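Data block below; observations after.
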Amino acid sequence: MTDTAANQPHKLFLLDAFALIYRAHFAFSKNPRVNSKGLNTGAILGFTNTLVEVLQKEKPTHIGVAFDAQKKTFRHEQFADYKAQRQAMPEDIGLAIPYIKKIIKAFNIPILVVDGFEADDVIGTLARRAEAQGFGEVFMMTPDKDYCQLVTDCVKIYRPAFMGNAAEVLDVAHVLQRFEIERPEQVIDILGLQGDASDNIPGIPGIGEKTAKTLIQKYGSVENLIANVDELKGKQQENVRNFAEQGLMSKELATIHLDVPIEFEADKLVLDKPNEDELRQLFDDLEFRQLAARVLGGGSAAGVSSTAAPTPRGARRPKVTEGQGSLFGSSSDAAVASGAEEGETGSFGAPAGPRLTLADVPHQYHLIDSPELRKSLLEFLLQQTEVSFDTETTGLDTMTARLVGLSFCWLPGEAYYVPVPHDDHAAAQALIDEFRPFFDAKGTLKIGQNIKYDLTILRHYQVEVEGPLFDTMLAHYLLEPDMRHNMDVLAETYLHYTPVSIISLIGPKGKNQKTMADLPPAEVSDYACEDADVTLQLKHVFEPLLKEVGLLDLLNEVENPLVPVLSAIEYEGVKIDSGAMGEYSAELQGYIQEIEQQIFTAAGQEFNIGSPKQLGEILFDKLGLGGGKIKKTKTGQYATGEEVLSVLAADNPVAGLILEHRQLTKLRSTYVEALPQLVCELDGRVHTSFNQAVTATGRLSSTNPNLQNIPIRTEKGREIRKAFVPRDENHVLLAADYSQVELRIMADFSGDKTMIEAFRQGLDIHTSTASKVFHVPLAEVDGEMRRKAKTVNFGIIYGISAFGLAQRIGISRKEATEIIDTYFQEFSSVKQFMDDSINKARELEYATTLLGRRRYLRDINSRNATLRGYTERNAINAPIQGTAADIIKKAMINIHDWLLQEKLGTKMILQVHDELVFDAVREEIEYITPKIKELMATALLLPHGVPLEVEVGTGRNWLQAH
DNA sequence: TGGCTCACG
DNA sequence: ACGTACGTGAGCCAG
């Protein structure tokens, strides 16, 4: 009976199953978890983790999990379109549900379903009835904001931890603040007015979040608003009048019903002990080892299925997709609990579990530590057609790291580790030289994970590794461009194997962290061998997958051959004139202080100009700028971005001063101060890292420092380029730029006669566009028209919108629409191309470049208009931006090969998306200039034959070279 | 750590 | 009606 509820600190948790499941599924969508049977377990793991977390942390006394009824609910009958827009449940979720129900049952937690009602009605009703019975605390566990209408002093929302956010309890105060209302029930009125796109609740046209809040603050409810519709003005009045019925219906739909025919019987919801055997079986089937250890106690999970026989040595490479598990034994006894299992969102704390070592799986890893053994290893290496190798070093910075060891593997499960005497450079060099024949061997495929790192390390020992190469990181990048390509995760996902973590060897990050050099070779050996082994096995998984989707050529002809090119570029580095930087820093400092004083005087006080928060308060609260309409950021702060301040600058000079201050401090801290600090002491140059596996489109990115965003657009910024100089008097910088590559690609892909003709004639493309769009002869295009046309041209590549164009050139949306319409009349094939790109992407759910590189566009058919729009613009832009990336990558490979082949001293030192920079030997300039132009222009031929043009310049610094 | 702002193509 | 141009990386502030 329920009489015990009244006076004890009872704590009831009611979970909204579907809401939590959808969210969990989404959380794993970036790196899906698939077990060896091919089941996507993300939703199951996420949901179960949330459940376990709440059980362990919150210790509820009572609990229940509510599911939506399978049949139609009363809402469908009331309103035919209800949830009609919602996509069908993803297949993975449908498959996950039975498992989740089984898990809930194994926990002995009741499942609550009432025919004709949704989970929120069930939960709402139970919460109300629990409160009426004097129950202590009720938590509705859900990420769904509709529940805000139900919150009382006793009933709260519990939003579980998610994507790094801590769990959060929402009480009455939170709700009132968030919706700016007086009573929680008014949440329904807000939702009734503004609607809810995901549930297809229409609301009233023209009313969004802000208007809804304002109107409810004034009128209190939808009904009262309608009653006083006469007070409203213009279009708004019309809308409220015409859609009054729809508003009331929307309110009704948003209302959670509290009269579901279900009793609240506290004793049926008392938290019971789980059925451990059932849970163990389920976790075992699902391969949730970490979770099993956490819920059922350490070690127990690993012991369950240890009877599985190790895979015999002869049985190589069972296919993962067939659910066989990996070479390292059946997946259930090989992969033991490890910190990595729970994914990398960080939201699921992973306490240290029992960890088996490699000793528990079949492998033969050998330490090769004598001249005789090395000789013998080399002989074997030279007989192989493909070998994976890995370097162990003292750190991640290629400039300072020393080699500690080399590992090699050519048969799965069998690897060799060669320690390198890292404290004696001559001895290390001698040992590496022993293996030179292998690195020089042109017939041997060298396989590595992020092999650029290994190449650069070896380059410091004068070893230039000969291709062909195969990088598993890049292989995965082509397969799944928007995921991470960390080897441990790849091993988990594709081999169902958990590699030894590096932390277990060198300790956690901190000042006591060891390096590989601090450990005896015997301890490093297994780790190093395992890396080479896993890499080899990943290659064998990825290669057929790539072949299947037609990406193997792109990998073998572009990405892999680019690796040594980038390694060489990074190794060379760029010389920085630190003295010039120092002088410029002082000069900037002078300007900054001057402006600072002016700002303080204008503000009447000193404050931190760099703090958007303080700045906003000064500008808007103290000085009262902005005249009424003040933009805020989504976190509720005043927006103080460039856009806002440049508008304000018309009213008050302070805004302009702040913009100038921003610009100067940015230049100082990001470039002038930071760059000299990154100059390598050994050679006086900065060595950036080019990341080949981060962008969604196929471009490179540059970090540490980022040399792809060195200022050029403003005069004071441009100065910085003067400090990028050639290595010595005998060199100059040579910069080669593609002119308008992306527009040329679009002209070619669309086959637009007008635009192609303009490029063929060598016209200035923006002037030519202006002439067409504004209907004036070429000669009469003025600067303003050209500027606008240029913005339009860029806009086209990005998937133009009238709003965006209007914003950027400061015209009305109507004018922007007219310009775009005219543009599409004049360049009708371009319009056709954009439509085709979207339609093709709708069908395939990805877009491709000229070389077949893919960008997945899984939201292209989303019902969410904003998301869909964003994805549609990607469908237009990705092939263009990505093809430009394909082209310059090809050019880099060809130029690098040519420079080597001709034994020239000129070095490629930078790539900036459409530009290559060289440290050029003076005497070579005449010879190389036309060749570089030619190699860039012909790296790839566009299908319709639109020519690519390249501009080359030279100078004593990067600025002059342009 | 995430949000904001701003540097580049 | 909705919200609004594509792709990056870094420094600073605030919690």
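Basis for what follows: all heavy atoms, side chains included, without hydrogens, waters or symmetry-related copies. The structure presented is a predicted model; accordingly, all values stated were derived computationally and were not measured.
- For residues 689-710 of chain A, every residue pair satisfying the salt bridge (Lys or Arg N to Asp or Glu O under 4.0 Å) rule, not counting sequence neighbours, is listed here: A/R699-A/E742.
- Only A/Q708, A/N709, A/I710, A/P711, A/I712, A/R713, listed by number, bring a heavy atom of residues 701-721 of chain A to less than 4.0 angstrom from any atom of DNA chain B.
- Residues forming a side chain to side chain contact (heavy atoms under 4.5 Å, CB included) with A/L659 (at least two apart in sequence, or on another chain): A/E642, A/L645, A/S646.
- Of the charged side-chain nitrogens involved, none lies within less than 4.0 Å of a carboxylate oxygen, so that A/E238 and A/R241 do not count as a salt-bridged pair.
- Contact between the side-chain N/O atoms of A/K613 and the OP1/OP2 oxygens of B/dC4 is not found at any separation under 4.0 Å.
- A salt bridge links A/K831 with A/D835; the closest basic N to acidic carboxylate O contact falls under 4.0 Å.
- Place A/L805 and A/P612 on DNA chain C by their nearest nucleotides, and A/L805 ends up nearer the 5' end.
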Using a cut-off of under 3.5 Å, enumerate the N/O to N/O pairs linking the protein to nucleotides 1-3 of chain C.
{"from": "C/dC2", "atom 1": "OP1", "to": "A/I207", "atom 2": "O", "distance (Å)": "3.3"}

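- Judged by closest nucleotide on DNA chain C, A/Q881 is the one of A/Q881 and A/N608 placed further toward the 5' end.
- Residues A/F759 and A/Q740 meet the side-chain proximity criterion, which asks for heavy atoms closer than 4.5 Å.
- For the pair A/K452 and A/F690, the NZ or CZ position fails the cation-pi test of under 6.0 Å to the six-membered ring centre and within 45 degrees of the ring normal.
- The residue A/E915 sits apart from the nucleic acid: no heavy atom pair falls under 4.0 Å.
- Rounded to whole angstrom, the span from the OH atom of A/Y671 across to the C1' atom of B/dC8 amounts to 7 Å.
- Residues forming a side-chain hydrogen bond (donor to acceptor under 3.5 Å, both in side chains) with A/N608 (at least two apart in sequence, or on another chain): none.
- C/dA1 and B/dC6 have their P atoms separated by 33 Å, given to the nearest Å.
- The aromatic rings of A/Y638 and A/F620 lie tilted to each other, with the angle between the two planes from 30° to 60°.
- Residue A/R662 places its side chain closer to B/dT5 than to any other of C/dT8, B/dA7, B/dT5.
- Neither OP1 nor OP2 of B/dC4 sits under 4.0 Å from any side-chain N or O of A/T640.
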Watson-Crick and G-U pairing of DNA chain C, under 3.5 Å, as dot-bracket with | and [ ]: .....|||||||||.

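- Between C/dT4, C/dT8, B/dA7, one nucleotide has an atom nearer to the side chain of A/Q663 than all others, and that is B/dA7.
- Atom name P, nucleotides B/dC4 and C/dA5: the rounded distance is 16 Å, in whole Å.
- Here A/Y870 lies in heavy-atom contact (under 4.0 Å) with sugar-phosphate atoms only.
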